[in-house]
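Scroll down for the structure; my scribbles are underneath it.
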Amino acid sequence: MDVRLTRAGNRVVGLAIMMLVSAVIGTVVVAAARSPAKPATPTPALSAGPATTSKTPLPSKYVVLTFDDGPDVEYTPKVLDILAKYDAKATFFEIGQNVVKHPELTKRIHAAGHSVQNHTWTHADLRSLSATAFRQQLASTDEVIRAQTGSTPACLRPPYGAVSATVRQRAKALGKDLVVWTVDSRDWKKPGTTAIVQHVLKNVRNGSVILMHDGGGNRTQTVAALPAILQALKAQGYGFRTLTC
């Protein structure tokens, strides 16, 4: 059956539809008003990344302070205290047997930012050793230093500065760079505090490698001379580098 609405009927139906739509919209609005809004998801802050520490530039005018024959329980701590006071870094060429006796000193030297390198196991004259004994002198010292510092020395200071073609060849084969010195403080002669200071300052130049001792005997004069040497070098504009080879 075909049903047709009059104009009045159409108006009634239209009005009913509008009322229904209005009721639905009102219900949605009320429901939305009663429901708590979800908190906005915060935008994660951008990470700035890890902080970077810039290395202090190496001084262009410098000397290399080196101390041989330690560590020594009496003199090495005094040398370290003086170096710390003047903010100076140094390279310590250590005897393997002494490292075994005082491993805590080797660890302290490394922790203070100094370089720890190889000066053989017994302070042996490398020129007189067989190939096997040469290797043992260096390897044993490397091992005990590595145990305290976590790194293997790449520099080798031959005792007495004694070098030959064979010593050079063997050292190179073991990955070692031979390091001697350009300024001998002559502290090993025990000439007196003033003489040690004067000899160093008279002969020092930019890039000088200065030989001193923190072990191997009575180093009272070396300890007494060190503050004056450091004061004078700093007053002349010198900085301090270490050796890593």
Side-chain angles (χ1 to χ4, degrees), residues 64-80 83 90-110 114-149 151-191 196 199-200 209-223 225-226 242-245:
V64 178
L65 302 170
T66 66
F67 294 89
D68 284 15
D69 298 351
D72 180 274
V73 70
E74 181 175 357
Y75 301 108
T76 302
K78 294 176 181 178
V79 168
L80 289 173
L83 292 174
T91 301
F92 290 77
F93 286 95
E94 297 194 331
I95 301 296
Q97 287 184 337
N98 291 340
V99 176
V100 172
K101 293 177 183 177
H102 309 293
E104 74 287 351
L105 290 178
T106 297
K107 185 175 294 186
R108 177 181 168 186
I109 291 168
H110 174 71
H114 305 291
S115 178
V116 181
Q117 301 297 328
N118 195 314
H119 197 37
T120 76
W121 185 257
T122 63
H123 205 270
D125 186 335
L126 294 175
R127 298 172 300 181
S128 64
L129 300 181
S130 67
T132 299
F134 187 106
R135 184 169 55 253
Q136 289 175 341
Q137 284 276 337
L138 272 59
S140 298
T141 304
D142 279 350
E143 182 179 354
V144 294
I145 290 177
R146 183 168 54 247
Q148 302 306 317
T149 68
S151 59
T152 302
C155 305
L156 168 64
R157 172 160 285 172
Y160 316 105
V163 178
S164 66
T166 300
V167 169
R168 292 189 183 92
Q169 181 181 13
R170 289 174 176 173
K172 183 177 181 181
L174 294 174
K176 303 296 185 190
D177 289 339
L178 292 174
V179 178
V180 285
W181 53 85
T182 60
V183 177
D184 184 351
S185 70
R186 297 182 182 175
D187 61 345
W188 50 274
K189 287 187 174 182
K190 303 180 182 66
I196 294 171
H199 191 77
V200 170
V209 179
I210 302 171
L211 170 65
M212 290 179 283
H213 295 79
D214 66 317
N218 187 326
R219 302 306 176 196
T220 302
Q221 293 181 9
T222 304
V223 171
L226 188 55
T242 59
L243 295 172
T244 56
C245 298

* Measure the spacing between OG1 of T66 and CG of L243 and express it to the nearest 0.5 Å. => 7.5 Å
* Spatial distance of atom NE2 (H102) from atom CD (E94) [nearest 0.5 Å] -> 10.5 Å
* Given the rule in the side chain to side chain contact (heavy atoms under 4.5 Å, CB included) test, do F93 and V179 qualify, once you have shown the distances and angles that lead to the verdict? -> CA-CA 10 Å; F93 286 95; V179 178; 4.0 Å; yes
* Could you pull out all residues at least two apart from A139 that satisfy side chain to side chain contact (heavy atoms under 4.5 Å, CB included)? => none
* Asked: What's the verdict on side chain to side chain contact (heavy atoms under 4.5 Å, CB included) for L83 and L65, showing C-alpha distance, side-chain angles and the deciding distance?
  -> CA-CA 10 Å; L83 292 174; L65 302 170; 4.0 Å; yes
* **R157 (side chain) donor-acceptor with V180 (main chain) under 3.5 angstrom** => yes
* Under the side chain to side chain donor-acceptor pair (under 3.5 Å) test, residues paired with S115 that sit two or more places apart -> Q117
Ignoring hydrogens and angles, write down the donor-acceptor pairs under 3.5 Å from the side chains of residues 123-131, residues two or more places apart or on other chains.
residue : atom : partner : partner atom : Å
H123    : ND1  : Y160    : OH           : 3.3
H123    : NE2  : D69     : OD1          : 3.2
H123    : NE2  : H119    : NE2          : 3.4
D125    : OD1  : R127    : N            : 3.0
D125    : OD1  : R127    : NE           : 3.0
D125    : OD2  : R127    : NE           : 3.4
D125    : OD2  : R127    : NH2          : 2.8
S128    : OG   : D125    : O            : 2.9
S130    : OG   : A133    : N            : 3.1

Which donor-acceptor pairs under 3.5 Å do side chains of residues 211-219 form with protein atoms, sequence neighbours excluded?
residue : atom : partner : partner atom : Å
H213    : ND1  : D187    : OD1          : 2.8
D214    : OD1  : G70     : N            : 3.4
D214    : OD2  : T76     : OG1          : 2.7
N218    : OD1  : Y75     : OH           : 3.2
N218    : OD1  : T220    : N            : 2.9
N218    : OD1  : T220    : OG1          : 2.6
R219    : NE   : G215    : O            : 2.7
R219    : NH2  : G215    : O            : 3.1
R219    : NH2  : G216    : O            : 3.4

* Any donor and acceptor pair, going by atom type alone, linking the side chain of T141 with main-chain N or O of T120 inside 3.5 Å? -> yes
* Asked: Roughly how far, to the nearest 0.5 Å, is the CD1 atom of I109 from the CG atom of L80?
  -> 5.0 Å
* L105 vs P77 side-chain heavy atoms within contact, under 4.5 Å -> yes
* Give the intermediate values and the outcome of side-chain hydrogen bond (donor to acceptor under 3.5 Å, both in side chains) for residues Q137 and T122. => CA-CA 7 Å; Q137 284 276 337; T122 63; 2.9 Å; yes
* All pairs passing ring-ring contact (aromatic ring centres under 6.0 Å, His included) where residues 125-148 contributes a residue, at least two apart -> none
* To do: Start with the C-alpha distance between Q169 and K172, add both sets of side-chain angles, then the distance that settles side chain to side chain contact (heavy atoms under 4.5 Å, CB included), and finish with yes or no.
  => CA-CA 5 Å; Q169 181 181 13; K172 183 177 181 181; 5.9 Å; no
* Main-chain N/O of T242 paired to T91 side chain as donor or acceptor, under 3.5 Å -> no
* **Partner set under ring pair (Phe, Tyr, Trp, His ring centres under 6.0 Å) for F92, not counting sequence neighbours** => F67, H114
* **Contacts of type salt bridge (charged side-chain N to carboxylate O under 4.0 Å, His left out), residue R186, not counting sequence neighbours** => none
* Asked: Are there more than 12 heavy atoms of other residues, nucleotides or ligands under 6.0 Å from atom NZ of K107?
  -> no
* Asked: With sequence neighbours excluded, what pairs up with K78 under the side chain to side chain contact (heavy atoms under 4.5 Å, CB included) test?
  -> E74, V223
* Asked: Residues two or more places apart in sequence or in another chain: which of them pass side chain to side chain contact (heavy atoms under 4.5 Å, CB included) with N98?
  -> P71, I95, K101
* **Counterpart residues, side chain to side chain contact (heavy atoms under 4.5 Å, CB included), relative to S140 (two or more places apart)** => W121
* To do: Just jot down the side chain to side chain donor-acceptor pair (under 3.5 Å) partners of Q221, sequence neighbours excluded, or say none.
  => none
* Structure fact -> On a heavy-atom basis, the closest approach of G96 and V144 is O-CG2, 3.9 Å
* **Qualifying residues under salt bridge (charged side-chain N to carboxylate O under 4.0 Å, His left out), relative to D184, sequence neighbours excluded** => none
